[in-house]
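These notes are about the structure you will find just below.
One-based numbering, in listed order, for ligands and for the atoms of each.
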Amino acid sequence: MKRSTEVVVIGGGVTGCGILFDLAQRGFKCALLERGGLSNGTSGRFHGLLHSGARYAVRDADTARECIQENMVLKKIMPHAVEDTGGLVVVLPDDGSPAVPDYPTIFFEACQRAGIPVEEISTAEALRREPLLNSALTRCFAVPDASVETWEACQVLLDAAAEYGAETFLYHQVIDLLLDRGQVTGVVAKNVITGEKIAIESDLVVNAAGPWSGRVARLAGCEVTVQASKGTLVAMNYRMVNRVINRCAPPGDGDILVPVGSVAVVGTTSVGVPDPDNYAIEDWEIRKMLDNGAKLVPSFKNFRPLRAWAGVRPLYQEKEAGSDLRQVTRNHALLDHGSRDGVDNFITITGGKWTTYRLMAEQAVDLVCRKLGVKRPCRTAETILSPPGARKFHWLGSRLEKAERADPTEQFICECELVTRSQIETSLARYHHPLINDLRRDLRVGMGPCQGGFCTYRVAGMMQKQQQLSARQVNKVLVDFLQERWKGMLPVMWGQNLRQMQLDQGIYLGLLGLDKLPLALSGGEEKRIGELETEGYFETG
Ligand SMILES: Cc1cc2nc3c(=O)[nH]c(=O)nc-3n(C[C@H](O)[C@H](O)[C@H](O)COP(=O)(O)OP(=O)(O)OC[C@H]3O[C@@H](n4cnc5c(N)ncnc54)[C@H](O)[C@@H]3O)c2cc1C
């Protein structure tokens, strides 16, 4: 299949989605290609914190200033995707360091210099706001941190871009760049579900492939060093705090706790990995998250860890970093491969933070305008993206109330996250080749305490009926989803989680014989699980 457009964007993380919307709003014909589902990379595996910049104020003043500026913009333009929790930065008795004896005062002054609204509150007030916090805290600062829902944000950007005519191709991996006399003239992509190939000719290609942007740049013969830094996170089954809690100390492992919907997420580590597609969650990382979580909230370990996952930060550097990746700037890089490498019509944007995606998109599209010789101002900081009356940040009580009011006979398909049959039917209708993961992103199906134990087979049955999929296709979709859920449970498999897992195994292996189901693979192949050759099979979907 062949097509043409003006600008192609590679990568459907928050940076790519932001760029697509900005391009479309400035009048460019454009298309985005993403190899997985929406926010399949780092943007779907991050901590969920809309930074106030306080974390970077002491060591990286530029990043701190960008964060607070964008924090305020995003709260204004997409309030439905942001829960304005506020944040507390707490000093614990073992936070002092002989090297930096008065870090809290240095921190407070650095926040003020960066323009971050910061207020010292009494420890009694801190405990009144957050009763489960460690009562041994010695000082506390309030900052405007918030919690953000990435899928809601990315989806609203794609929807807004589509209104200007932009196209999005999910599950399309760019496998080659079209080159003509040293200049990029488009991309070749493969639909990873059907195997079909598509070539899109364009005037310019923007590489926003996050930790994979080095690989994409190499398709055009350009060398971009992106150090992949893995960070592990653990979701606890209880929202034990209502504000983002940070340690008042130089950034370290497991020093932030973020309330996200009905859970709390503790993170993270920072470990260099050679391949952003291939890394393991280590036991020491889980232990450290739980131990450090317990320093912030002493009753932490009484709650149940639901799952663990890891994301990979794209840290750009001109040279290889040393071993301490926390020292590498969280700032972003914008590269014009025409002037840098002699390969024109091709730019890369990488690094940065989720919080600064809009600014990164603005700078990337400014460069697109300069390269294509047009002057079109950016309007994204003033454009309200939240649809009128859009649902507020995920809250279970509101779902229950809505469902009861709308139709008391409505069936709940996912009882943990209170997702109804009609919500699933509406969401399924939006996709050509839906995967259960798409419903997870849309509705949080399978994200609650049972991690898909009860809802996965129900959803698979609904998909078969509504999408008229073959039984083999449905089996494949079901197996892929469960395998992803189980992958996240494995690192925290003890106590109640182990019991839950055994129940899930009983349902899927004992009762439904999942290991004996025939599966439809791409390219028309059909196999049973026991016949699959590669162990990595489940990871590829
Ligand atoms: C553990 C962790 C916690 C973090 N926490 C925070 C936080 O709390 N707040 C914050 O502001 N920032 C946080 N960050 C940083 C933030 O998540 C990232 O900076 C941001 O999400 C990067 O977005 P991106 O769109 O540039 O990259 P990505 O989200 O990785 O998007 C790149 C996309 O490109 C796609 N892709 C790759 N190759 C191809 C190809 N060949 N063809 C098509 N598509 C391709 C990938 O599938 C991917 O979806 C965190 C990072 C990590 C790792």
Tell me which part of [X] gets within contact of ligand 1: side chain, backbone, both or neither, using heavy atoms under 4.0 Å.
X: Thr355; answer: both
X: Ile10; answer: side chain
X: Trp354; answer: both

Does Gly267 reach ligand 1, in the sense of a heavy atom lying below 4.0 Å from it?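 Under 4.0 Å: no for Gly267.
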So is His172 in contact with ligand 1, going by heavy-atom distances below 4.0 Å? yes
Would Glu285 and Glu282 satisfy side chain to side chain contact (heavy atoms under 4.5 Å, CB included), going step by step from the backbone distance to the final call? CA-CA 5 Å; Glu285 293 182 283; Glu282 309 285 344; 3.6 Å; yes
Between [X] and ligand 1, is there a nitrogen or oxygen pair with a distance under 3.5 Å?
X: Arg313; value: no
X: Gly352; value: yes
X: Glu34; value: yes
X: Arg35; value: yes
X: Leu49; value: yes
X: His47; value: yes
X: Gly41; value: yes
X: Val216; value: no
X: Ser43; value: yes

Determine the interplanar angle of the Tyr164 and Phe21 rings, folded into 0 to 90°, and report it as parallel if under 30°, tilted if 30 to 60°, perpendicular if over 60°.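 Taking Phe21 first and then Tyr164, their aromatic rings sit tilted (interplane angle of 30° to 60°).
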Can you tell me which residue and heavy atom of the protein come closest to [atom], and the distance to 0.1 Å?
atom: atom 1 (C) of ligand 1; result: Gly231 O, 3.4 Å
atom: atom 42 (N) of ligand 1; result: Val174 N, 2.8 Å
atom: atom 34 (O) of ligand 1; result: Gly11 CA, 3.3 Å
atom: atom 28 (P) of ligand 1; result: Thr42 N, 3.6 Å
atom: atom 27 (O) of ligand 1; result: Gly210 CA, 3.5 Å
atom: atom 31 (O) of ligand 1; result: Gly13 CA, 3.4 Å
atom: atom 50 (C) of ligand 1; result: Phe46 CB, 3.7 Å
atom: atom 14 (N) of ligand 1; result: Lys353 NZ, 3.9 Å

Numbered atoms of ligand 1 (with element) below 4.0 Å of [X], judged on heavy atoms:
X: Leu33; value: 43 (C), 44 (N)
X: Ala209; value: 32 (C), 34 (O), 37 (C), 38 (N)
X: Ala208; value: 32 (C)
X: Val312; value: 53 (C)
X: Thr15; value: 23 (O), 24 (P), 25 (O), 26 (O)
X: Trp212; value: 30 (O), 37 (C), 38 (N), 46 (C), 48 (C)
X: His51; value: 7 (C), 9 (N), 10 (C), 11 (O)
X: Pro211; value: 30 (O)

Mark yes or no for whether [X], through its side chain, and [Y], through its backbone, hold a donor-acceptor pair below 3.5 Å.
X: Asn207; Y: Ser213; answer: yes
X: Gln173; Y: Arg35; answer: no
X: Asp438; Y: Leu435; answer: yes

Determine whether more than 12 heavy atoms belonging to other residues, nucleotides or ligands lie under 6.0 Å from atom NZ of Lys76.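 Enclosed.
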With a 6.0 Å cut-off (strictly less than), is the heavy-atom count around OH of Tyr279, excluding the residue itself, greater than 12? yes
Can you name the nearest heavy-atom pair linking [X] to [Y], along with the distance?
X: Ala364; Y: Ile349; result: CB-CD1, 4.2 Å
X: Met289; Y: Gly267; result: SD-CA, 3.6 Å
X: Glu34; Y: Gly13; result: OE1-N, 4.1 Å

Side-chain donor-acceptor contact under 3.5 Å, Thr150 with Trp354: yes
Does the side chain of Arg304 pick up a donor-acceptor pair with the side chain of Asn497 at under 3.5 Å? yes
Counting the benzene-type ring for Trp, do Tyr56 and His51 have ring centres under 6.0 Å apart? yes
How far apart are the C-alpha atoms of Ser427 and Asp442, what are their side-chain angles, what is the distance that settles it, and do they pass the side-chain hydrogen bond (donor to acceptor under 3.5 Å, both in side chains) test? CA-CA 7 Å; Ser427 188; Asp442 283 359; 2.6 Å; yes
cation_pi(Arg444, Trp151) dist<6.0 Å, angle<=45: no
Show your reasoning for whether salt bridge (Lys or Arg N to Asp or Glu O under 4.0 Å) applies to Arg287 and Asp253. CA-CA 11 Å; Arg287 240 176 290 127; Asp253 293 343; over 6 Å; no
Go through the steps for Gln25 and Thr383 under the test side-chain hydrogen bond (donor to acceptor under 3.5 Å, both in side chains), then give the verdict. CA-CA 10 Å; Gln25 196 184 36; Thr383 308; 2.9 Å; yes
